[in-house]
Amino acid sequence: MQSAAERLSAAGTANALELRGVSRLFGALAALSDVTMSVKPGERRAVLGSNGAGKTTLFNCVTGDFPPTSGTVRFFGEDVTHFPPHERIRRGLRRTYQISQLFGGLSVVDNVYLACRGVSRGRFSLIRPRRNDALMQSALDLVNAVHLTDFKDMLVSELSYGQQRQLEIALALSGAPRFILFDEPAAGLSPTERSELIEILTSMPAHIGYIIIEHDMDVALRVVESVTMMHNGAIFKEGNPAEIESDPEVQELYLGGGHVRL
Amino acid sequence: MALLDETGSTPVSSPERAQGRWTQWFGQIPAWGWLLAAFMLCLPLFASNFVIYQIFGWAMILGMIALSLMFLAGYGGMVSLVQMSVAACAGYMVAILGNSAATEISLGWPWWLNIPVAILIAMAFGTISGALAVRTEGIYTIMITLAIASAFFYFTRQNYVIFNGFSGFNSLEPPRLFGVDWRQAVPFYYLTLFWATLSYLAVWYVSRSPFGLALQGIRDNPRRMSALGFNITAHRIAAYTFAAFFAAIAGILLSWLNGQISPGTAGVGPVIDILIIAVVGGLKRPIGPFIGALVYVLLRTFALDVLVSLGLDGQRFQLLIGLGFLLIVFFSPDGLLGLWERWKSHMAKSESGLAPMHDGDA
Ligand SMILES: Nc1ncnc2c1ncn2[C@@H]1O[C@H](COP(=O)(O)OP(=O)(O)OP(=O)(O)O)[C@@H](O)[C@H]1O
Ligand SMILES: [Mg+2]
C-alpha cells in the first residue's frame, strides 16, 4: 500500500527500473548478490559480463521468472518484487530469451498474435480473430517489422535459427512496451540479420528504454548510452560506453585486449 | 517502418477479404466432413434401432466426454481423469433435481430449470477439480484427478440422502418436448447427433480463438506465456470449466440413454475407459475422441460374439480391448487418427516420388 504522496512522487520522478539489494541464490550459489541499479525511462543500457556473471539471472529477477531471494524491484515506481510475471508484463515490461522460447507448434503470425493478445483485453475470448481484427493487424505489422512476412504462416519449428531469434524480438515489441530486456538478441545471427537488428533497436520510439545483454561490443556499444559490467553476480562497473571501453580494469578482466566471443 | 505503430500504416487486409467470409468457411469443410454429415443424417434410414441407439448413440455420448478430455489434454496438455465424473455429476443432478423412480429424493423441477442448473453444477465441479489439479504437472495431474474421480465414486455409493447410494436413480427420461418421445431410438439419435455435432464444432472453433490459442501456448511453453502477460493458472482453470460443459451435456444424455444413473457410471473402470477412448482415437484433433468411442463401443458390443464364434472364451473381450489399446499406443502415439495421417502422407510421398515440400511459399 502506497500513500498518495508516495505514488505521486513515484510517478513524477520514478526510474523505469530500480533494483535495491537484489540477490538470488541457487542452493549455495549466489547467482546475483546485492545488485543495486537504476535505469531511467527511455534509457538504453548494455549489460556486459563473462559467462555465468549473472546477467540472465538479473533479467529473471526483474521479470519474475525467478523471483529474487532478497531485495526489491521497482518498475516505474511500483514495487513489483512479489508480482507474478504476467502482472509485470501487463505493466509494460517485455523480454526476450537467450534461448528462444517460442511456440513451435503454432504459426509465426499466431505466435505474435498471442503476444499482442497477452497484453490486451480479451485473453479469454472464444471468438476467432477476423482478418481485419485490430490486434491481428498489429501482429502482422510486427511480423513485417522483423522481416518475417514471407514466412508468416509457417510453423515456428520450421524456421531457421536466425528467423526464430527475430521472432523472439517481435514478441517483445507487442502492445505498448515501456521497457524491454533483450537477452543476447544478436547471438548466432548472420551479419545481415545483425544490422537489421541494430536498425530495429535504433529506430524504436524514444520513450522505450531497454537493457541489452550482448557479448559483441560492436553491436552493444552502437545501440546504448550506458553500460553496466557484471562479474560474479555483482555489478563491477557502470559508465558510458567510452569510459567502459577505456577502463583498464575492464580491459584486463573482460576484453582481454580484443573482443571476446563471436 | 511500421514498427510499434499501433494504427498500422500498411494495411494488409482488403475489403474483399471480409466479404467472402461465409463462403470461405464452407469452403473450409473438407470432403470427408460432407460425407460424414450425410452418412450420419441418413443413418436411421437404413440402420436398425439397435445400431443407431446402442451403437451410434452411445458412441457419440462417450465421444463427447472423451472430447472434453481431448480439449484439456490435446490443447492444454492436462490429462484429466475427472471428465467422466463431471458427466455423471450432471446426470445425477438431473435425476435429483428432476424426476426419477426415487420420488422421495427427486425434487421434480421442470426440465427448463433442472437441466441448466445440473449443467452449471457439473461445470462448477469441473472447475473446482481443475483448480485443484492445475498447479500440478504430468503424472501428478493424473493422480489428483483420479483421486477426485474415486472420491466422487465412493461418495455417491455411500451417500443415501442425496445420491441414493448403491442403487442410484432409475426411470430417467428426457422431457417430452414438441410432442416427441425423445427416448425413442430415432429422436434420441438426432438429439445426440445435434449435441455431439455442436460440441465438436465448438471445440474446433474455439481451438483457433484467443482462448484456445493461448491454451495451446500454455501447453507448449507456460513460462513464455506468463512472460507474454497471460495468467496461466486462471487460463488452465477456465479450460476445465469449458471442457466440463460438454461432459455435462453428455452426462445428461447418458443418463437418458441408460434410463438410470448409479455410482458404477463413474467408477474407476469407466473413468479409465474415457482416457483409453481419447488416446485410441487421437488427442490432436476433436474428431479423434469420436473415432475412439465408436471403436470402443463396437468392441464392447461385438467382441464377445466374435470371440465365442472363434471358439474362445467370450469373457476375454476386455483383454481384446486392452490388447488393442496396447497395439495402438505402441505403434501410434497419436492414436488411430495418427495412423491414418501417416498412411496418407506415406501414400502422398510414394505418389509424388518424394518431391520436397515448400510450405514457406504460402
Ligand atoms: N535455474 C538455475 N538453477 C541453478 N543455477 C542457475 C540457474 N540459472 C542460473 N544458474 C547459475 O547462476 C549463475 C549465473 O547464471 P546466468 O545465466 O545468470 O549467467 P549469464 O551471465 O547469463 O551467463 P551467459 O553469458 O552464459 O548467459 C551461473 O553459475 C549459473 O550456472
Ligand atoms: Mg545468460
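Reminder, nothing fancy here: chain letters follow the sequence lines and each chain counts from 1.
- For the 3.5 Å distance criterion, the side chains of B:Tyr240 and B:Arg236 fail to qualify, holding no donor opposite an acceptor.
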A:Arg165 and A:Ser100: side-chain hydrogen bond (donor to acceptor under 3.5 Å, both in side chains), yes or no, with the steps?
CA-CA 7 Å; A:Arg165 296 305 291 162; A:Ser100 295; 3.1 Å; yes
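- Ring geometry for B:Phe71 versus B:Tyr75: interplanar angle over 60°, hence perpendicular rather than tilted (30 to 60°).
- Per-residue heavy-atom pair counts under 4.5 Å with chain A were compared for B:Asp220, B:Asn231, B:Leu213, and the maximum is reached by B:Asn231.
- Per-residue counts of heavy-atom pairs under 4.5 Å with chain B were compared for A:Ser125, A:Pro129, A:Pro85; the largest is that of A:Ser125.
- Of the atoms belonging to B:Ala214, heavy atoms from both backbone and side chain fall under 4.5 Å from chain A.
- When heavy atoms are compared at a cutoff of 4.5 Å, B:Ala234 approaches chain A by way of both its backbone and its side chain.
- Your options are B:Leu215, B:Asn221, B:Val206, and the one with the most heavy-atom pairs under 4.5 Å with chain A is B:Asn221.
- Between the side chains of A:Arg88 and A:Thr63, no donor-acceptor pair is found at a separation under 3.5 Å.
- Proximity to chain B is limited to the side chain of A:Asn60, based on heavy atoms less than 4.5 angstrom apart.
- Side-chain atoms of B:Thr136 and B:Thr141 form a donor-acceptor pair, as typed in the model, at a separation below 3.5 Å.
- The choice from A:Ile127, A:Val119, A:Leu155 that makes the most heavy-atom pairs within less than 4.5 Å of chain B is A:Ile127.
- You'll find the ring centres of A:Phe66 and A:Phe26 inside the 6.0 Å limit.
- Per-residue counts of heavy-atom pairs under 4.5 Å with chain B were compared for A:Leu102, A:Leu159, A:Asp110; the largest is that of A:Asp110.
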